[in-house]
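Atoms within each ligand, like the ligands themselves, are counted from 1 in listed order. Here, residue 1 is the first one in the sequence, and each next residue gets the next number. The shown structure was predicted, so the numbers you read here are calculated from the model rather than taken from an experiment.
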Amino acid sequence: MKVLVVGGGGREHTIVWKIAQSPKVDKIYCAPGNGGIAELAECVPIKATDIEGIVSFAKDNKIDLVMVAPDDPLVMGMVDALEKEGIRAFGPRANAAIIEGSKVFSKELMKKYNIPTAGYEVFDCPQAALEYIKKGSFPTVIKAEGLALGKGVIIAKDLAEAEAGIHDIMEDKVFGESGNRVVIEEFLTGPEVSVLAFCDGKTVVPMVSAQDHKRAYDNDEGLNTGGMGTFSPSRLYDAAKASECMENIFIPTVKAMAQEGRPFKGVLYFGLMMTEKGVKVIEYNARFGDPETQVVLPRLKTDLVEIMEAVIDERLHEINIEWEDNAAVCVVMASGGYPVKYKSGYEITGLDKVAEHKDLTVFHAGTKLDGDKLVTAGGRVLGITAVGKDLDAAIKRAYEGVDMVSFTDCHFRKDIGIKKY
Ligand code: AMP
Ligand code: GLY
């Protein structure tokens, strides 16, 4: 089989790495890929959002399966465009990816089908939004309705912050058209857990749980980032929580989407908060998470290609998906200054040392080849994933891996995996 993976970050490196282990696969392409992916796949310089470019590449190269990993091409309808040309594609169609693409859609879906989430109101005018906020309590949560590179959420602790947030989103349009409408939500508290699930429109099979560390610095200080590290499993997500979520959240969501005429096929990401009043949905994503994938897929025993084909053919109930009884930790090594201002182009050394260890894997996020040197090319540069018998063992190994790698101005958190809640 020939497989094309769309995207070029740490998540896509992990997906390519897993697909490369499948006996069914002869050749992998990745568009656009990155410096690490290039070791496993042929990288083609087509942007992940270039629907026409991807469709014609897949046609010309007789690709048997296209895996669309990032949110924007999914929301833009890349899977629909591929299917129209008779190309098999993994990922939700646009009418289902809207569960991530529009927060108004996802909140209304949850309200209609009684899926537990924070209370909310929707506003399309800044004055009305502010009037509403003035009558409520703080902190309050303001979300741009559309995709905003994971940054469209403002937790306002007082009226001044809320005013500034509404102004930025709705008037200055810092997230573009995503900010035409806002959702104002009740502020919930509790630890957060991510559960990704394979769905074929009817059946939902959750993967092992994960938790991420979003803030730039230790002890969850500093700015929010795309993710400084992850670990799996979560210490909080036990069998009782898993069955509560299956019954109240996962099955109802998949049924709701089918009932709305928007069957969800692909990976559905549940961002969950463990509140005192039970588990609630904080967000849905229509895809594998980054960097959750870097700790979830290394624990998957089953062939990912077999699972993706079962999803496409709507026979997920027929296959048995197995996981290792272990733990995984991913420590992200970033450019100093990320997520604000940072420099790129520094040589990365030591990856050959990591490659000598079977329990360590480097997943590249922002790297590129400069002649025969590998250099930094982004805020998040790479993630070191370690697997171990339990979380403590995996944490220790991940940091041993981090110590083998170096580049100028490198920044990483020293407390990944040790959040006890
Ligand atoms: P989202 O993009 O919707 O996942 O939001 C990003 C982050 O904002 C979440 O991971 C939470 O930490 C926080 N957040 C979102 N919604 C709420 C809420 N209703 N209450 C408290 N925190 C929230
Ligand atoms: N790690 C969160 C996301 O992928 O959106």
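Considering backbone and side-chain N/O atoms, L188 comes within less than 3.5 Å of an N/O atom of ligand 1.
For the pair M246 and V204, the minimum side-chain heavy-atom distance is below 4.5 Å. Side-chain atoms of T293 and F363, non-hydrogen and from C-beta on, never get closer than 4.5 Å to each other. Put simply, the side chain of V296 does not reach to within 4.5 Å of the side chain of T14, judged on heavy atoms.
A cation-pi arrangement, defined by a distance under 6.0 Å to the six-membered ring centre and an angle within 45 degrees of its axis, is present between K414 and F412.
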### Message
Please determine whether salt bridge (Lys or Arg N to Asp or Glu O under 4.0 Å) holds for the pair K112 and E260, giving the CA-CA distance in whole Å, both sets of side-chain angles, and the decisive distance to 0.1 Å.
### Response
CA-CA 11 Å; K112 182 168 171 190; E260 294 292 307; 2.7 Å; yes
### Query
For K111 and E108, what are the C-alpha separation, side-chain angles and deciding distance, and is it a salt bridge (Lys or Arg N to Asp or Glu O under 4.0 Å)?
CA-CA 5 Å; K111 188 186 263 179; E108 281 172 357; over 6 Å; no
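Shown here are the salt bridge (Lys or Arg N to Asp or Glu O under 4.0 Å) partners of K157, two or more places apart in sequence or in another chain: E161.
The residue from K214, K143, K280, E185 that puts a heavy atom closest to atom 19 (N) of ligand 1 is E185.
Side chain of T376 to main chain of G345: a donor-acceptor pair is present (N/O by atom type, distance under 3.5 Å, no hydrogens or angles).
Sorted by chain then number, the residues whose non-hydrogen atoms approach ligand 2 to under 4.0 Å are D212, Y269, N285, R287, G289, D290, E292.
Both the backbone and the side chain of I282 come within 4.0 Å of ligand 1, counting heavy atoms alone. Residue contacts with ligand 1 for E186 involve N, CA, C or O but no side-chain atom from C-beta outward (heavy atoms, distance under 4.0 Å). With a 4.0 Å heavy-atom cut-off, ligand 1 is reached by no atom of T189.
For the residue pair S234 and Q211, a side-chain donor N or O sits within less than 3.5 Å of a side-chain acceptor on the partner.
Below 4.0 Å from some heavy atom of A118 lie the following atoms of ligand 1, by number and element: 19 (N).
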